[in-house]
Amino acid sequence: MPDAIAITPLHILYLVGVIVILTVMVLRKDTPAVCIAFLFLLGWAGLGSAGGGIQVVFKAILYAATQFMEVIATIALVTALSRCLTELGSDYLLITPTARIMKNPALTWWVLGFAMFLFSLFLWPSPSVALVGAIMLPFAVRAGLNPLCAAMAMNLFGHGFALSYDPVIQGAPAVSAGAAGIPTAAVLAAGRPLFLTMGAVTVFTAFFLNRRHMLRKTACPPAADLPSPDDASLTALSLQAEEDLFPPPSRRPSKAAVILAVLTPLAFLADIVFMAVFHLNGGEATSVVSGTAVLLMCAGAALGFQKKSLEKVTEYITDGFLFAIRIFAPVMVIGAFFFLGGEGIQTIMGDAGTSGIMNDWALWLARHAPLSPRTAAVLELIVGGLTGLDGSGFSGLPLTGSLAATFGSATGASVPVLAAVGQISAVFVGGGTIVPWGLIPVAAICGVSPLALARKNLIPVFTGFLAVLLCAFVLL
């Protein structure tokens with residue numbers, strides 16, 4: 001176990017900020033103003049002056065913007081391609097062959113989810129969102145699936161189930177196992193019942209809770225799940241984006257539309273082969289998908305608009321970035337606060353006496369709670385969730401892995417099982433199913449409010465956590 005952690009006024013202030021922000025979210029109010037206020041207070045407390053607080057507000061938002069830029073560019077370029085496909089009528093040609101499979105919204109939900117799961121196992125979720133969003137999402141919406149439910153399927157199957165299990169690329173279990181001092185295969189083998197339990201319970205709970213609202217005619221979430229009035233502009237943007245991306249098709253598609261409809265799936269299929277052959281994943285895989293999207297958009301503009309193609313490329317790219325920036329603007333401010341909880345504090349505030357406020361709180365909690373095998377499992381779940389609040393599902397894995405080794409030796413519990421519990425919690429919270437700033441890619445691709453999507457995920461994910469704990473109690 002690491003040395004004792006000193007809890008300072010900075011830690012206490014940050015914890016108060018987390019509680020206040022989460023409370024505001026539960027009340028369905030916008031949080032950027034609250035985040036800015038606490039950024040200023042934390043900067044003042046950490047740097048010792050009001051001027052320091054003012055600087056931290058800007059530096060934190062700038063840091064968050066740099067962290068999100070890859071996703072912003074991906075969303076913008078895929079959106080640009082989608083607009084080109086729509087204007088040419090290629091989207092309709094792509095949709096037609098899938099009509100036999102996606103016969104109703106319920107079946108479409110499962111097809112979309114399993115496609116996202118399979119892609120994510122081999123490519124990881126970030127590039128998979130772009131691929132599935134560019135090719136399959138139009139099919140799903142045409143089949144009548146509510147975009148919010150489509151986002152849930154892609155999110156829970158990809159950033160939740162596939163990323164937390166990660167049996168192919170083995171990035172997450174390798175980090176957990178390395179920190180725990182055990183083989184990666186041990187985490188995968190001992191934790192398999194937990195991974196499968198979490199995935200199955202989460203997706204089935206989401207399906208049964210939302211099967212009544214899967215029809216596209218109920219594109220807005222039911223009254224109990226509607227975003228707050230302060231989210232009105234974001235919701236309006238989402239609905240407008242849906243109408244823009246999926247208008248009624250033209251009757252007689254042009255030759256350019258046919259060519260682009262054939263070229264798009266072939267190009268993305270070539271991407272998959274390329275990434276598999278050269279073992280690309282994460283940011284490298286995302287760059288391949290994003291680059292392919294923008295090249296396809298340019299090709300479509302040249303084929304369909306010829307002399308006006310230069311202006312069309314500019315128009316599509318501008319529209320794509322406007323859409324992405326408007327979606328991300330409030331998230332950058334929210335993320336700025338939570339990045340202070342992790343390693344970002346060193347970049348934003350310099351030497352603040354901590355390498356991560358939430359990590360310090362997690363270590364403090366682990367030291368002051370009475371230990372037993374079941375208590376250790378509960379602590380692993382809580383610690384993983386706390387470290388995931390910064391929006392990075394992997395940043396907390398070294399901590400949960402090392403704590404699993406400590407808890408296992410202290411209580412005689414299974415170290416791989418404890419490591420798997422912490423891994424599930426950290427990835428599901430921080431990897432992009434609970435914190436709104438972590439699930440932006442799916443929300444933006446589907447044109448829905450990230451806050452609404454996060455709220456819809458809460459019950460399925462926390463039901464899964466409860467099931468994982470019960471399963472862990474048996475395995476320990």
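Computed from heavy atoms alone, side chains included, the values below leave out hydrogens, waters and symmetry copies. Counting begins at 1 with the first residue of the sequence. Just so we're clear, the structure is a prediction, and the values are computed from it rather than from any experiment.
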If you measure from CD1 on Ile259 to OG1 on Thr264, what distance do you get to the nearest 0.5 Å? 11.5 Å
Which atom pairs, one a donor and one an acceptor, fall under 3.5 Å between side chains of residues 425-436 and the rest of the protein, sequence neighbours left out?
| residue | atom | partner | partner atom | Å |
| --- | --- | --- | --- | --- |
| Ser425 | OG | Leu381 | O | 2.5 |
| Ser425 | OG | Gly385 | N | 2.8 |
| Thr433 | OG1 | Phe428 | O | 2.3 |

Measure across Leu88 and Gly300 and return the closest heavy-atom pair with its distance rounded to 0.1 Å. CD1-O, 3.5 Å
Not counting sequence neighbours, which residues clear side chain to side chain contact (heavy atoms under 4.5 Å, CB included) with Cys298? List them please. Val313
Nearest heavy-atom pair of Gly384 and Thr400: which atoms, and what distance? CA-CG2, 3.8 Å
Are the side chain of Tyr165 and the backbone N or O of Gly191 linked by a donor-acceptor pair below 3.5 Å? no
Asn457 side, atom CG; Leu156 side, atom CG - distance, nearest 0.5 Å: 4.5 Å
Quick note, salt bridge (Lys or Arg N to Asp or Glu O under 4.0 Å) partners involving residues 288-311, not counting sequence neighbours, are none
Compute the ring centroids of Trp109 and Phe157, then answer whether they are less than 6.0 Å apart. yes
Apply side-chain contact (heavy atoms from CB on, under 4.5 Å) to residues His159 and Val129 and explain how you reach the verdict. CA-CA 9 Å; His159 287 87; Val129 166; 3.5 Å; yes
For Ser290, all residues meeting side chain to side chain donor-acceptor pair (under 3.5 Å), sequence neighbours excluded: Thr74
Looking at Gln423 and Ser164, would you say the former's side chain and the latter's main chain have a donor-acceptor pair under 3.5 Å? yes
Verify the neighbour count for atom CD1 of Ile459: are there more than 12 heavy atoms of other residues, nucleotides or ligands below 6.0 Å? no
Mind checking side chain to side chain contact (heavy atoms under 4.5 Å, CB included) for Ala151 and listing every partner two or more places apart, or none if nothing turns up? Val442, Cys446, Val448, Leu453
On a heavy-atom basis, the closest approach of Leu296 and Phe268 is CD1-CE1, 4.1 Å
Taking the side chain from Ser176 and the backbone from Pro173, do they hold a donor-acceptor pair closer than 3.5 Å? no
When rounded to the nearest 0.5 angstrom, what is the spacing between CG in Asn210 and NZ in Lys456? 3.5 Å
Partners meeting salt bridge (charged side-chain N to carboxylate O under 4.0 Å, His left out) with Lys312 (sequence neighbours left out): Glu87, Glu315
To the nearest 0.5 Å, how far apart are CE in Met349 and CG in Leu42? 6.5 Å
So, using ring-ring contact (aromatic ring centres under 6.0 Å, His included) as the criterion, who are the partners of Phe465 when residues are at least two apart? Phe462
Go through the structure and list residues passing side chain to side chain contact (heavy atoms under 4.5 Å, CB included) with Ala76, not counting sequence neighbours. Phe321, Ala324
Show the numbers, then the answer: is there a side-chain contact (heavy atoms from CB on, under 4.5 Å) between Asp166 and Phe195? CA-CA 9 Å; Asp166 198 12; Phe195 296 128; over 6 Å; no
CZ (Arg83) and CG (Asp319) are apart, to the nearest 0.5 Å, by 5.0 Å
Of all heavy-atom pairs linking Met136 and Val111, the shortest is CE-CG1, 3.9 Å
Return the minimal non-hydrogen interatomic distance between Gly89 and Ala257, and the atom names on each side. C-CB, 4.2 Å
Between Tyr14 and Phe38, is any pair of side-chain heavy atoms under 4.5 Å apart? no
Who are the ring-ring contact (aromatic ring centres under 6.0 Å, His included) partners of Tyr63, not counting sequence neighbours? Phe339
Can you list everything that forms a side chain to side chain donor-acceptor pair (under 3.5 Å) with Thr184? Sequence neighbours excluded, please. none
Checking side-chain contact (heavy atoms from CB on, under 4.5 Å) for the pair Leu260/Cys84: CA distance, chi angles, key distance, verdict? CA-CA 9 Å; Leu260 191 60; Cys84 182; 4.1 Å; yes
Mind checking what makes side chain to side chain contact (heavy atoms under 4.5 Å, CB included) contact with Pro193, not counting sequence neighbours? Cys471, Leu475
In the structure I gave you, are the side-chain heavy atoms of Tyr316 and Leu81 within less than 4.5 Å of one another anywhere? no
To the nearest 0.5 Å, what is the distance between CG on Leu145 and CE on Met152? 11.0 Å
Any idea which heavy atoms bring Ala150 and Leu137 closest together, and the distance? CB-CD1, 3.9 Å
If you define the side chain from C-beta out and look only at heavy atoms, does anything of Met332 sit under 4.5 Å from Ile72? yes
Mind listing the side-chain donor-acceptor pairs of residues 200-209 below 3.5 Å, one per line with the distance, residues two or more places apart or on another chain?
| residue | atom | partner | partner atom | Å |
| --- | --- | --- | --- | --- |
| Thr202 | OG1 | Met198 | O | 2.6 |
| Thr205 | OG1 | Val201 | O | 2.6 |

If you define the side chain from C-beta out and look only at heavy atoms, does anything of Phe119 sit under 4.5 Å from Val132? yes
